[in-house]
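Structure first, commentary second.
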Amino acid sequence: MESFFYIYEMNIVDVSTDELIPIEILPVEKTDYKFISKNRYFFNWKEEQNHEVLKLIIKGKNDILGLISYEDIPEEWRFHVRLLTVSKENKGANRKYSKIAGNLIVHLAKLAIRKYGIMGCVSLRPKTQIAQHYIKNYKMKITGMTLSLEVPEILDLINQYENE
């Protein structure tokens with residue numbers, strides 16, 4: 001599986017202090033799977049080992065705060081999100097950090113634009129209860145059974161996350 005990675009500065013926010021915390025988004029390594037439990041990350045991520053899986057960590061640390069699994073669908077110029085999650089302590093109103101899921105989506109959007117230019121797209125098939133969250137917070141559009149993010153919304157989202 002071929003990946004396209006490049007470096008850019010992105011941050012999450014410490015909810016209690018509003019401090020910006022620099023992050024890295026990197027491929028999950030085989031050794032990471034022994035620390036990725038269903039209890040903390042809501043899914044059995046070992047089932048995703050044959051797909052592209054990325055982790056979000058605080059720069060210089062090893063603790064995984066979020067995960068995204070995706071597949072590249074070149075004939076449709078899109079990256080499709082298979083699974084996306086934040087760690088248990090970063091979910092809901094009492095979360096420690098915000099912008100974890102958004103940064104993972106933005107990272108994937110950048111990969112789509114880099115590979116497919118203005119035709120690039122990111123899609124996902126959300127559980128019904130969270131669909132409105134993706135529409136409201138990430139400006140995704142309903143496209144049949146999936147939600148999609150295309151240009152110009154991709155560029156707006158990238159700009160939003162890079163300038164906060």
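Between F79 and Y116, the angle of the ring planes lies from 30° to 60°, which puts this pair in the tilted group. Using cut-offs of 30° and 60° on the angle between ring planes, the pair Y138 and H133 is perpendicular.
Each of L54 and I73 belongs to its own hydrophobic cluster when Ile, Leu, Val, Met, Phe, Trp and Tyr are linked at side-chain heavy-atom distances under 4.5 angstrom. With hydrophobic clusters built from ILVMFWY side chains whose heavy atoms lie under 4.5 angstrom apart, F35 does not share a cluster with L26. Put simply, M119 and I113 are part of the same group of oily side chains (I, L, V, M, F, W, Y) that touch within less than 4.5 Å, one to the next. The hydrophobic clustering, which links ILVMFWY residues whose side-chain heavy atoms are closer than 4.5 Å, places I100 and V15 apart.
Within a 6.0 Å sphere centred on CZ of R125, heavy atoms belonging to other residues, nucleotides or ligands number 12 at most.
Between D72 and R78, no side-chain nitrogen of the basic residue sits less than 4.0 Å from a carboxylate oxygen of the acidic one, so the salt-bridge criterion is not met. A salt bridge is absent between E52 and R82; no separation between the charged side-chain nitrogens and carboxylate oxygens falls under 4.0 Å. Of the charged side-chain nitrogens involved, at least one lies within less than 4.0 Å of a carboxylate oxygen, so that D32 and K55 count as a salt-bridged pair.
Of all the heavy atoms in W45 and L84, the pair that sits closest is CH2-N, 4.2 Å. The two residues L111 and Y70 come nearest to each other via the heavy atoms CD1-OH, 3.9 Å.
For K141, the salt bridge (charged side-chain N to carboxylate O under 4.0 Å, His left out) partners at least two apart in sequence or on another chain are E153.
Counted by atom type alone, E89 and S87 present one or more donor-acceptor pairs between their side chains at under 3.5 Å.
Atom CG of residue L149 and atom NZ of residue K139 lie 10.0 Å apart, to the nearest 0.5 angstrom.
Looking only at distances, no side-chain donor or acceptor of E162 sits under 3.5 Å from a matching main-chain atom of N159.
A cation-pi arrangement is found for K91 relative to F42, the charged atom lying closer than 6.0 Å to the ring centre and inside a 45° cone about the ring normal.
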